[in-house]
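Data first, discussion second: the structure below is written as structure tokens.
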Amino acid sequence: MEKTYNFKEIEIKWAEYWINDKTFSAKPDKDKIPFTIIIPPPNITGHLHMGHALDNVLQDIIIRFKKIQGYNTLWLPGTDHGGIATQSVVEKFLKKEGKTRYDLGRKKFLEEIWQWKSLTESAILNQLKKLGCGLDWDRTAFTMDKNRSKAVEKSFVYLFNKGLIYRGKRLINWCARCSTALSDIEVEYDNEKSNLWYVKYSLKNSEEYIVVATTRPETIFGDTGVAVNPNDKRYTKFIGKTIILPLINREIKIVADRTVDKSFGTGAVKITPAHNVIDNDIAKRNQLDIVEIIDIKGTMINVPLEYCGLSVEVARKKIVKELDTMGLLVKTQDHVHSIAKCYRCYTKIEFLMSEQWFLNITKMSKKAIDVVNNNVISFYPESWKKSYILWLKNLKDWCISRQIWWGHRIPIYYCIDKNKNKKNCKPIASLSKPKECSYCKGKNFVRDEDVLDTWFSSALWPISVFNWGQNDNNEDLKYFYPTSVLVTGHDILYLWVARMIQFGLEFMKNIPFANVFIHGIVRDKQGKKMSKSLGNIVDPIMIINQYGADALRFTIAQNAAPGKDIQISNDSFLSARNFVNKIWNASRFVILNSENIGKFDINIKPSELADSWILAELTNTVLKVKTRYESYNIDAAAREIYDFFWTKYCNWYIEFSKIRISSTDLDAKKQVLSILIYILKFILQLISPIMPFISEEIWSILNKNTDDTKIISKSTLFEIKNNNIESINKMKIIQDIIIAIRTLRSEMNISPSVKIEAFFNILRNSKETTVIENENYIKQLAKINTIQFCKNMRKSKDYVTTVIGNFEIFLPLNKSIDIEKEKTKLTKKVALSKKEIEIAILKLNNKNFIKNAKYTEIKKIKINLDEAKLKVKKINEALKFLK
RNA sequence: GGGUAGUUAGCUCAGCGGAAGAGUACUCGCUCCACAUGCGAGUGAUCGCAGGUUCAAAUCCUGCACUACCCACCA
């Protein structure tokens, strides 16, 4: 075995093996319980970032754990066409060549994106392979491939025929850069500094006027009313009166609406129903007209000639200036308010009236709320339940049409037969071009130009990946659906998770997954979200090249507390890298020592305290780790294994084992090695979901002459019954003594490599058989050559002492000590012990404590009190001696 | 405005009713035959603040402060 672990070669070797061997391919098998995860398909916009690494490593950990537990696991890979996101990325590339998508035309542009898709998709899948992801590659899906498209079309037609999908002219969110409508959750809000302009609106045939406060003076042309609160005494007399709108002199009414806030601005609101959601509602309640003045390019329309065609920003400046000149601008005030922006390109959103397709998804909400409320679907952590339910309760209809080219074209056909009675022809939803219009018998149709929101196909993902839409009763769907757990970040809980639940219940009459494991967002060292513009990206592939995939995976696992954001910087991976190295070297120690000593028993026989102790500790660890994995506390599982392996196995047990390994007693040597191997195998199995590469490599070396050469192919029950608690207590005494001697040696600058003698004054009339029987452990780990047990060892200037448990330990000094330093140290120790005594006595004298506290608690305090008293006595003696 | 998390050693985070933990950083000492990507020892925390419940609170409850995120509103 190499002295250092060559992760580069070995990781490539196993990644290829898993793929070629089809280790992770899955078929329905009625004799086995399925465990299914479908990947949250990454957008084909580019490469994977650390957030993807987090999401996928967690899924792989769960899949691998379930696989070695014996489940029939399936982790299904795929990518998402990414609608607007992908289209804008490709448009950006075109822009560099000075072209737009219109220069290419729809067909050519789509060809361009398909080409882009094939490149990025394979890059993404390669990255997943590098991470070690145990995906069933033969099932790789794409949200816009043939089978997935069928699912989309079928579901659309179904929902349309059910009357849940309808077309309507409504106020929608419009991104002028992407030139498409957006759903409400695709809009983000940012606070921005702006102004609040106070404008005089004069009453008709009167000297009186009302002042309105507005952040959007350019929408004056679209005003069709002014609203005041019905209880606002300042304005009650104006309700019902007419106002002459400045600049265009249109007559508009003053109406009363209880939603108007009396305290904001002047308490009078100009109403622009065509470009503001709230205004639109007020207009509906008060039967106000709708006047559209901004078009989809973000320019002014239906306005006086000098404003026509101006952009919103230019028009605003011009209008403010004009109002000022006319003396209608009363005041301009600084004002911070939130601005709606496109979640893909951060362009300001324009609210405007537009004919779009909507899905009445609110009807599906009740069931989606129930399944989560009743824990048919469980959330980890549970706290997200509340947000999820609240969101569904306030859900509005979903605008599903997009005016982009990249996506699923809406399967709606319009009859264009002009000779017949066109007026009665209704749009037809169909899987293919209809043959005949059922209204006019016309035979000519055109398909709707729009595409669907990318999240529509995402919502179908859990069923479309099993080819729902073609054969709804296929074996895969029956066997693998509902899936077991969905692993995702909380940022797409509404955008995606909620909708999959709604669609799953609608189309399958069953939940899409039983559990939702929600992890956090990856952040940088300063806690900021990683983004290209901030330049704080940590590239997972760079980390893999530098430290290895196992190190990356362990770091992720260690930090992945459910629901919590994790901070990662380039040096967060060092500790994990060191851990990989530690596993390698400890294994190397075990393997090298078991070579050339012939065959030995695989059945383990604990023959010493150390053996039963480490087996008891192993039992505890296995139980804990299993529970942690099963409840998605991956971070805790990782820490549990780390601590057991490094501290207990390496630092203690291997050191103890060296006594037998270096002895001439071959049987003893074989016996201890069999335990070392037995435990090492357990550790490898436990850690293999997190660090599959190194564990697979070492496993294959350990098992090279057996049938068990692949850890991932072995199902493991994780059941052991070596829980000798007494051995843990006994070992604690030995360890405490070893630590006490090491500390004393270190404090006294006794050379660590020199073996010395020690005297153990037994302070009580107890037998201390544990210590006497196991003195060789103390000798080995504390570098002692002889231990003399005695009763009346006295202080002398040739020795230093320390008190631990029932012993006062004396170590010979090779030089004189710094008396003052020693005095301060001992005085400090006495003070500490005295305080302990004080607290213990206080507790024991407390009748309520004695009455209520657990027996073990009281016993513990009594023992501590005794030990502290003894310590004080002995240290005081030592102090006296120093004087 | 409503909601959800969080506030523990310089930093990153565990612990969530019975004597403050890990990694990292720092200090000291070690090349002794698995590992210096290491070994041993040590310094370092009134567990955000204020109340309350309890024999006992970092841990449970209430309030407050600050931080982050989500939802709504911002005329």
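Side chains included, hydrogens not; waters and symmetry mates left out as well; all remaining heavy atoms used. Not measured: the values here are computed from a predicted model. Throughout, protein chains are lettered first and strands after them, A, B, ... in sequence-line order, and every chain is numbered starting at 1.
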Can you give the donor-acceptor pairs under 3.5 Å from side chains of residues 851-862 of chain A to other protein atoms, not counting sequence neighbours?
from: A/Asn852; atom 1: ND2; to: A/Asn848; atom 2: O; distance (Å): 3.0

Name all pairs fulfilling the side chain to side chain donor-acceptor pair (under 3.5 Å) condition that reach into residues 258-269 of chain A, sequence neighbours left out, sorted by first residue then second.
A/Asp257-A/Thr259, A/Asp261-A/Ser263
Please classify the nucleic acid contact of A/Lys582 as base, sugar-phosphate, or nothing, using heavy-atom distances under 4.0 Å.
base
Taking atom P in both B/C71 and B/U12, what distance in whole Å separates the two?
26 Å
Within less than 4.0 Å of OP1 or OP2 of B/G38, is there a side-chain N or O belonging to A/Asn585?
no
Taking the side chain from A/Asn173 and the backbone from A/Leu182, do they hold a donor-acceptor pair closer than 3.5 Å?
yes
Taking A/Asp643 for the side chain and A/Arg639 for the main chain, is one N or O donor matched with an acceptor at less than 3.5 Å?
no
Just to verify, what does A/Glu350 make a side chain to side chain donor-acceptor pair (under 3.5 Å) with, not counting sequence neighbours?
A/Arg216
Base, sugar-phosphate alone, or nothing: which one does A/Lys847 contact when heavy atoms must sit under 4.0 Å apart?
nothing
Would you mind classifying the nucleic acid contact of A/Tyr494 as base, sugar-phosphate or nothing, using non-hydrogen atoms under 4.0 angstrom?
sugar-phosphate
Is the shortest side-chain N/O distance from A/Thr4 to OP1 or OP2 of B/U37 below 4.0 Å?
no
Do A/Val580 and A/Phe7 have side chains that get closer than 4.5 Å, going by heavy atoms?
no
Just jot down the side chain to side chain donor-acceptor pair (under 3.5 Å) partners of A/Ser751, sequence neighbours excluded, or say none.
A/Ser753
If you measure from the Lys or Arg side-chain nitrogens to the Asp or Glu carboxylate oxygens, is any gap between A/Glu382 and A/Lys385 under 4.0 Å?
yes
Using a cut-off of 4.0 Å on non-hydrogen atoms, how would the nucleic acid contact of A/Arg577 be classed: base, sugar-phosphate, or nothing?
base
Pick the P atom in B/U37 and in B/U43, then give their distance to the nearest Å.
26 Å
Checking A/Asn585 now: which residues fulfil side chain to side chain donor-acceptor pair (under 3.5 Å) with it, not counting sequence neighbours?
A/Asn581, A/Arg588
What nucleic acid atoms does A/Lys859 come within less than 4.0 Å of, heavy atoms only: base, sugar-phosphate, or nothing?
nothing
Rounded to whole angstrom, note down the C1' distance from B/G42 over to B/G48.
29 Å
Distance check, C1' atoms only: B/G21 and B/U62, in whole angstrom units.
29 Å
Who pairs with A/Lys834 by salt bridge (charged side-chain N to carboxylate O under 4.0 Å, His left out), at least two apart in sequence or on another chain?
none
Taking side-chain contact (heavy atoms from CB on, under 4.5 Å) as the test, write out the residues that go with A/Ala637, two or more places apart.
A/Val625, A/Arg628, A/Tyr629
For RNA chain B, the expected dot-bracket line (Watson-Crick or G-U under 3.5 Å, [ ] crossing, | inter-strand) is ((((((((.[[[[.)..(..]]]].(((((.......))))).....[[[[[..)....]]]]])))))))....
Please measure how far the P atom in B/G6 lies from the corresponding atom in B/U24, and state the result in whole Å.
26 Å
Rounding to an integer number of angstrom, what distance separates B/C61 and B/A20 when you compare their C1' atoms?
23 Å
Please produce a list of atom pairs where a protein N or O lies less than 3.5 Å from an N or O of nucleotides 21-30 of chain B.
from: B/G23; atom 1: O2'; to: A/Ser575; atom 2: OG; distance (Å): 3.4

Would you mind telling me which residue lines up with the more 5' stretch of RNA chain B, A/Asp279 or A/Val187, judged by nearest nucleotide?
A/Val187
Check the side chains of A/Glu188 and A/Tyr343 for a donor-acceptor pair under 3.5 angstrom, ignoring hydrogens and angles.
no
At less than 4.0 Å, is any side-chain N or O atom of A/Lys835 found next to OP1 or OP2 of B/A19? Yes or no.
no
Between the protein and nucleotides 52-62 of chain B, which nitrogen or oxygen pairs are less than 3.5 angstrom apart?
from: B/C55; atom 1: O2'; to: A/Asn846; atom 2: ND2; distance (Å): 2.6

Same-atom distance (P) from B/C39 to B/A65, integer angstrom
47 Å
Under 4.0 Å from OP1 or OP2 of B/A19: is there any side-chain N or O of A/Lys860 that close?
yes
Salt bridge (Lys or Arg N to Asp or Glu O under 4.0 Å) partners of residues 268-282 of chain A, not counting sequence neighbours, each pair once:
A/Asp223-A/Lys270
Using a heavy-atom cut-off of 4.0 Å across all strands, would you classify A/Val580 as base, sugar-phosphate, or nothing?
nothing
On RNA chain B, compare the nucleotides closest to A/Cys650 and A/Trp197; which residue's is nearer the 5' end?
A/Cys650
May I ask you to verify if any side-chain N or O of A/Lys3 is less than 4.0 angstrom from the OP1 or OP2 atom of B/A36?
yes
Could you tell me whether the phosphate oxygens of B/A41, OP1 or OP2, come under 4.0 Å of any side-chain nitrogen or oxygen in A/Lys825?
no
Would you classify A/Glu747 as touching base, sugar-phosphate or nothing, given that sugar-phosphate means primed atoms plus P, OP1 and OP2, and contacts are heavy atoms under 4.0 Å?
nothing
Please list, pair by pair, any protein nitrogen or oxygen found under 3.5 Å from a nitrogen or oxygen in nucleotides 1-5 of chain B.
from: B/G3; atom 1: O3'; to: A/Lys386; atom 2: NZ; distance (Å): 3.4
from: B/U4; atom 1: OP1; to: A/Lys386; atom 2: NZ; distance (Å): 2.7

Residues A/Glu617 and A/Lys648 bridged, charged N to O under 4.0 Å
yes
Taking the basic N atoms (NZ, or NE/NH1/NH2) and the acidic carboxylate oxygens, is any pair closer than 4.0 Å for A/Glu186 and A/Lys341?
no
Of the candidate nucleotides B/C71, B/A19, B/C35, which contains the atom at the shortest distance from the side chain of A/Ile185?
B/C71
Looking only at atom P, what distance separates B/C13 and B/A68, rounded to whole Å?
14 Å
Would you check if the side chain of A/Asn394 reaches a backbone N or O of A/Leu390 as a donor-acceptor pair within less than 3.5 Å?
yes
